[in-house]
Engineer: 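I'd like to ask some things about the structure below.
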Amino acid sequence: MIPITPAQLKNILQSNILSLCPLSEETISDCAAQVEAGAHVLLAPPADACDAAEEARLAAVFKAAADKAFVAGRIAAPKEGLAESGGTLSYEECYSRVLRQAKFLEKMGVSIIFLTDFTDILTAKCALYATREGTQLPVCVGFTQQAGEAGVKCALSLLITLQAAEVSAAGVTGMDIQDALELLSDIQGFATVPLFAVGIAGQYLLPEDYEDYVPSFVHQKCAMLGLVDQGPAFTAAMTKAIWQLSPLSPDFPMLNAVSSVNETVFLDFHGKIVGKNRQLLEIKTEKLEEIKQALTIFNRPGAAPVCFHIKDIDVLRYAIMHYAGRPAVRSDEYGEILARELGAFVLTERETEQK
């Protein structure tokens, strides 16, 4: 299997809609039938132990895919959760684990890496940064949120943060297909990258019913679609519908926005805030301990987005990477280069308030 670059995947998704087939350990035996049914991408079971058993499972997927489908590796969100987000796993432990998994998947020869089922920004950012260090492959990140206004706000913050950090595609995983469709309809207008959906079908969903869903997902800018734990009949129905459709491009090549856990502020091309009664909380320090203390406050739900005014490169790197959102940054030339690499929004003017 020949790996593809992020630019190549972007070109593919500009003119094609791909059918995704998520596989579990129990459904790997069906992957050849899924390819025959029209699957464009076989999404392998999550890499975890990176051992001989996982190598054997991937080998079976590669054999079924042959030259007819891409093989995508999968890294699932850690079940323990980050300590900063209420779990037990430290940021460094999460980063190291994902880095090892990403290197394993690239060594095995997958074409794309999917990070799936993330519920909070900080864990998703940590996994994305680690994967980008471990591989040059396209990285797609899927998140899951509860329905309702709070879920939409979190999903929008996730989308803005992830696409600023140059994911190849962003989307929803691990959600009921109706909930996934409703969530995507609320955030797709802010997409600068292709979207995707790997949904969970209801107990009574039939292949012909799912075929009727496909145009709605494509209308929400989804360029990749799949269902969890469904047989080849669903893939065949999905592929049939896909062939009659063309992908919709995102509305913007870039988005001037910063976000906290669940709040978003939009800026104009001069770095001034759009709208009244909105502001960025500026954090100006060169001390790492002060940044750590500030993040315990500003990484909470309801906090306004922040602007880091930091020149020390190491302190700035820590601040951006450990901030649960997309921050704004003021710094010197080297700091601005780092900020852009990590997906932060660079402010070049002192004034950000709308006059």
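Numbering of residues begins at 1 and proceeds along the displayed sequence.
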Engineer: Is a side-chain donor or acceptor of Glu54 paired with a backbone partner of Cys50 at a separation under 3.5 angstrom?
Structural biologist: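 Side chain of Glu54 to backbone of Cys50: a pair is present.
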Engineer: Under a 4.0 Å N-O cut-off, is there an ion pair linking Glu133 with Lys103?
Structural biologist: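 So Glu133 does not pair with Lys103 through a salt bridge.
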Engineer: So how far is it from Leu89 CG to Glu84 CD, rounded to the nearest 0.5 Å?
Structural biologist: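 Leu89 atom CG to Glu84 atom CD measures 9.0 Å (nearest 0.5 Å).
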Engineer: Could you check whether any side-chain N or O of Tyr213 sits under 3.5 Å from a backbone N or O of Leu181, counting only pairs where one atom can act as donor and the other as acceptor?
Structural biologist: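 No; zero donor-acceptor contacts below 3.5 Å.
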Engineer: Nearest 0.5 Å please: distance from the CD atom of Gln101 over to the CD1 atom of Ile113.
Structural biologist: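 If we round to the nearest 0.5 Å, Gln101:CD and Ile113:CD1 are 9.5 Å apart.
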Engineer: Any chance you could measure Leu9, atom CG, to Met224, atom CE, to the nearest 0.5 Å?
Structural biologist: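 The distance works out to 5.5 Å.
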Engineer: Using the side chain to side chain contact (heavy atoms under 4.5 Å, CB included) definition, which of the options Ile17, Thr239, Ile242 pairs with Val214?
Structural biologist: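 When Ile17, Thr239, Ile242 are each tested with Val214, the side chain to side chain contact (heavy atoms under 4.5 Å, CB included) holds only for Ile242.
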Engineer: Just how far is it from atom NE2 of His322 to atom OG1 of Thr296, taken to the nearest 0.5 Å?
Structural biologist: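 Going from the NE2 atom of His322 to the OG1 atom of Thr296 covers 13.0 Å.
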Engineer: What's the verdict on ring pair (Phe, Tyr, Trp, His ring centres under 6.0 Å) for Tyr318 and Phe308, showing C-alpha distance, side-chain angles and the deciding distance?
Structural biologist: CA-CA 11 Å; Tyr318 183 95; Phe308 293 119; 9.8 Å; no
Engineer: If we ignore hydrogens and angles and just use 3.5 Å, is the side chain of Arg326 paired with the main-chain N or O of Ala257 as donor and acceptor?
Structural biologist: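 Indeed, once roles are kept as given, a pair shorter than 3.5 Å links the two residues.
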Engineer: Picking from Gln34, Lys240, His40, what satisfies side-chain hydrogen bond (donor to acceptor under 3.5 Å, both in side chains) with Ser19?
Structural biologist: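 So, applying the side-chain hydrogen bond (donor to acceptor under 3.5 Å, both in side chains) to Ser19 and each of Gln34, Lys240, His40, only His40 qualifies.
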Engineer: Per the side chain to side chain contact (heavy atoms under 4.5 Å, CB included) rule, which among Glu286, Lys292, Glu290 passes with Leu288?
Structural biologist: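 With Leu288 as partner, side chain to side chain contact (heavy atoms under 4.5 Å, CB included) holds for just one option, Lys292.
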Engineer: For Phe196, which of Phe114, Phe143, Phe217 qualifies under ring pair (Phe, Tyr, Trp, His ring centres under 6.0 Å)?
Structural biologist: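 It is Phe114; the other options fail the test.
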